[in-house]
*Asks:* 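Below you'll find the structure I mean.
This chain uses plain numbering: 1 for the first residue, then up along the sequence.
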Amino acid sequence: MSSSSSSSSVDLESISEATSGAIGALVSTTILYPLDTCKAKYQAEVRASHGQQKYRYLSDVLWEAISTRQVLSLYQGLGTKNLQSFIAQFVYFYGYSYFKRLYLEKSGSKSIGTRANLFIAAAAGSCTAILTQPLDTASSRMQTSAFGKSKSLWQTLTEGSWSEAFDGLGISLLLTSNPAIQYTVFDQLKQKLLMGKQNKTGKGSSPEALSAFSAFLLGAISKSIATILTYPAIRSKVMIQAADSSDDGTTEGRQKSRKTLSGVVYAIWRKEGALGFFKGLQAQILKTVLSSALLLMVKEKITATTWVLILAIQRYLLLTRRLKSM
């Protein structure tokens, strides 16, 4: 009976973590989506052989949208991106929370080490990448399409082969190290910050919650570290998933070569040099740091305020089982 109650508790707490993380993803994605669109289009462009560039600066993307009266196109693909973000964050936070609690239960330890934390985060990230890759590819293609020419989700998914929907899956699996690094750093910093408060809380009290500012700051630090370490792979993934442009003079053969990791790496190295692998790094850090910080800030507040509801559900389930056993 106790083991059954314990597993129910684990499930409810994992679902709470997943739901709060998914809601946080929706909020941060929607607020920062115009910046994300500008960043994606800027990252996807490779300098032409004669040295010309359509976007010399990130602001050029925004100016193009304004000058062509396509400001609303900065939100093209927002619905798909929100759907992908919600599912991805729910799956990730549920998997991360569930496997973390399962590890602590099976090992009997009171805390989780850095290596085990990285392994659990990477495993949760791998499951998330596989399940959401088609939506991730579709949202990237919709974002990087010419302003005003973005296709619907169904058209984007069905215009090519099924395998094309998984373009960049290998890099996505590689990039599972990004949230693994991020959430490990965040979790470790959070534990140290809240260590003094743990002795004051009882078993039935709400879980430890960071203040909004603390969550924002820790989220920014952890995401900055993860972004810098994995940025070359991030840009390569954007280029692989980017929509083919019909007005940039690119040949069909060259487009096909850029759909592979080797083609992307060769194009960047030949036309932009080693620094090309870090083109748009500032925009990526700005976007991802703000997005992650907002996500974790919302998640922390939602997790704390919904804990009372979780306790009520637990008590209801226990009462129902007792009545059935009578």
*Asks:* For Phe166, look at atom CZ and say whether over 12 heavy atoms of other residues, nucleotides or ligands are found less than 6.0 Å away.
*Replies:* yes

*Asks:* Please determine whether side chain to side chain contact (heavy atoms under 4.5 Å, CB included) holds for the pair Tyr33 and Leu74, giving the CA-CA distance in whole Å, both sets of side-chain angles, and the decisive distance to 0.1 Å.
*Replies:* CA-CA 7 Å; Tyr33 196 75; Leu74 291 172; over 6 Å; no

*Asks:* What is the minimum heavy-atom distance between Phe147 and Val61, and which atoms define it?
*Replies:* CE1-O, 3.7 Å

*Asks:* What's the separation between atom CD1 in Ile171 and atom CG in Leu261, rounded to the nearest 0.5 Å?
*Replies:* 4.5 Å

*Asks:* If you define the side chain from C-beta out and look only at heavy atoms, does anything of Thr29 sit under 4.5 Å from Asp36?
*Replies:* no

*Asks:* Can you give me the closest heavy-atom contact between Met142 and Thr80, atom names plus distance?
*Replies:* SD-OG1, 3.5 Å

*Asks:* Closer than 4.0 angstrom, basic N to acidic O: yes or no for Asp187 and Lys190?
*Replies:* no

*Asks:* Looking at Gly148, is its backbone amide N or carbonyl O close enough to the side chain of Ser73 to form a donor-acceptor pair, meaning the two atoms are under 3.5 Å apart?
*Replies:* yes

*Asks:* Can you tell me how far OH of Tyr92 sits from OG of Ser97, rounded to the nearest 0.5 angstrom?
*Replies:* 11.0 Å

*Asks:* Quick check: does any side chain N or O of Gln241 sit under 3.5 Å from a backbone N or O of Val238, one acting as donor and the other as acceptor?
*Replies:* no

*Asks:* Between the side chain of Gln76 and the main-chain N/O of Gln143, is any donor-acceptor distance below 3.5 Å?
*Replies:* yes

*Asks:* So, for Thr30 and Tyr75, which heavy atoms are closest and what is the spacing to 0.1 Å?
*Replies:* O-CE2, 4.3 Å

*Asks:* Give me the atom names and distance for the closest heavy-atom approach of Phe278 to Pro232.
*Replies:* CZ-CG, 3.8 Å

*Asks:* Would you say Leu157 and Ile240 are hydrophobically clustered, going by side-chain heavy atoms of ILVMFWY under 4.5 Å?
*Replies:* no

*Asks:* Run the salt-bridge test on Lys41 and Glu64 with the 4.0 Å N-O cut-off and return the result as yes or no.
*Replies:* no

*Asks:* Indicate yes or no: at least one non-hydrogen side-chain atom of Leu35 is less than 4.5 angstrom from one of Leu286.
*Replies:* yes

*Asks:* Taking only Lys NZ, Arg NE, NH1 and NH2, and the carboxylate oxygens of Asp or Glu, determine whether Asp167 and Lys237 approach each other closer than 4.0 Å.
*Replies:* no

*Asks:* Looking only at the side chains, is there a donor atom on one of Gln84 and Ser139 sitting less than 3.5 Å from an acceptor on the other?
*Replies:* no

*Asks:* Would a single hydrophobic cluster contain both Phe86 and Val91, if residues Ile, Leu, Val, Met, Phe, Trp and Tyr are joined by side-chain heavy-atom contacts under 4.5 Å?
*Replies:* no

*Asks:* Are the side chain of Tyr42 and the backbone of Ser59 linked by a donor-acceptor contact shorter than 3.5 Å?
*Replies:* no

*Asks:* Can a donor-acceptor pair be found, under 3.5 Å and without considering hydrogens, that links the side chain of Thr132 to the backbone of Leu135?
*Replies:* no

*Asks:* Are Leu217 and Leu189 connected into the same hydrophobic cluster when the rule is that any two of I, L, V, M, F, W, Y join if their side-chain heavy atoms are below 4.5 Å apart?
*Replies:* yes

*Asks:* Could you state whether Ile120 and Leu102 fall into the same hydrophobic cluster, counting links through intermediate Ile, Leu, Val, Met, Phe, Trp or Tyr residues with side-chain heavy atoms under 4.5 angstrom apart?
*Replies:* yes

*Asks:* Can you tell if the side chain of Ile87 reaches within under 4.5 Å of the side chain of Thr128, non-hydrogen atoms only?
*Replies:* no

*Asks:* Write down the atom of Ser236, the atom of Ile268, and the distance for their closest heavy-atom approach.
*Replies:* OG-CD1, 4.5 Å

*Asks:* Would you check if there is a donor-acceptor pair between the side chains of Gln284 and Thr227 at a distance under 3.5 Å?
*Replies:* no

*Asks:* Can you find a pair of side-chain heavy atoms, one from Trp269 and one from Phe277, that are under 4.5 Å apart?
*Replies:* yes

*Asks:* Does a salt bridge link Glu272 with Arg235, judged by any charged N lying under 4.0 Å from a carboxylate O?
*Replies:* yes

*Asks:* Output the distance between atom OG (Ser28) and atom CD (Gln89), rounded to the nearest 0.5 Å.
*Replies:* 7.5 Å

*Asks:* Is it true that a side-chain atom of Asn82 and a backbone atom of Gly79 form a donor plus acceptor pair closer than 3.5 Å?
*Replies:* no

*Asks:* How long is the span from the CD atom in Gln43 to the SG atom in Cys38, to the nearest 0.5 Å?
*Replies:* 11.5 Å

*Asks:* Using 0.5 Å steps for rounding, measure from the CG atom of Leu78 to the NZ atom of Lys81.
*Replies:* 10.5 Å

*Asks:* Is the number of heavy atoms from other residues, nucleotides or ligands within 6.0 Å of CG (Leu319) greater than 12?
*Replies:* yes

*Asks:* Check for a donor-acceptor pair, side chain of Ser145 on one end and backbone N or O of Ser150 on the other, with a separation under 3.5 Å.
*Replies:* no

*Asks:* To the nearest 0.5 Å, tell me how far Leu169 CG sits from Asp136 CG.
*Replies:* 9.5 Å

*Asks:* In the structure I gave you, are the side-chain heavy atoms of Val71 and Ile66 within less than 4.5 Å of one another anywhere?
*Replies:* yes

*Asks:* So which atom in Thr144 and which in Ala44 form the shortest heavy-atom distance, rounded to 0.1 Å?
*Replies:* CG2-CB, 4.2 Å

*Asks:* When you look at OH of Tyr55, are more than 12 heavy atoms from neighbouring residues, nucleotides or ligands closer to it than 6.0 Å?
*Replies:* yes

*Asks:* If two hydrophobic side chains count as joined below 4.5 Å and joins carry through other members, does Leu83 share a cluster with Leu131?
*Replies:* yes

*Asks:* Hey, are the side chains of Ile285 and Ile228 touching, using non-hydrogen atoms and a 4.5 Å cut-off?
*Replies:* yes

*Asks:* Looking at Lys279 and Glu45, would you say the former's side chain and the latter's main chain have a donor-acceptor pair under 3.5 Å?
*Replies:* yes

*Asks:* List the steps, then state whether side chain to side chain donor-acceptor pair (under 3.5 Å) holds for Asn178 with Thr230.
*Replies:* CA-CA 7 Å; Asn178 189 296; Thr230 60; 2.7 Å; yes

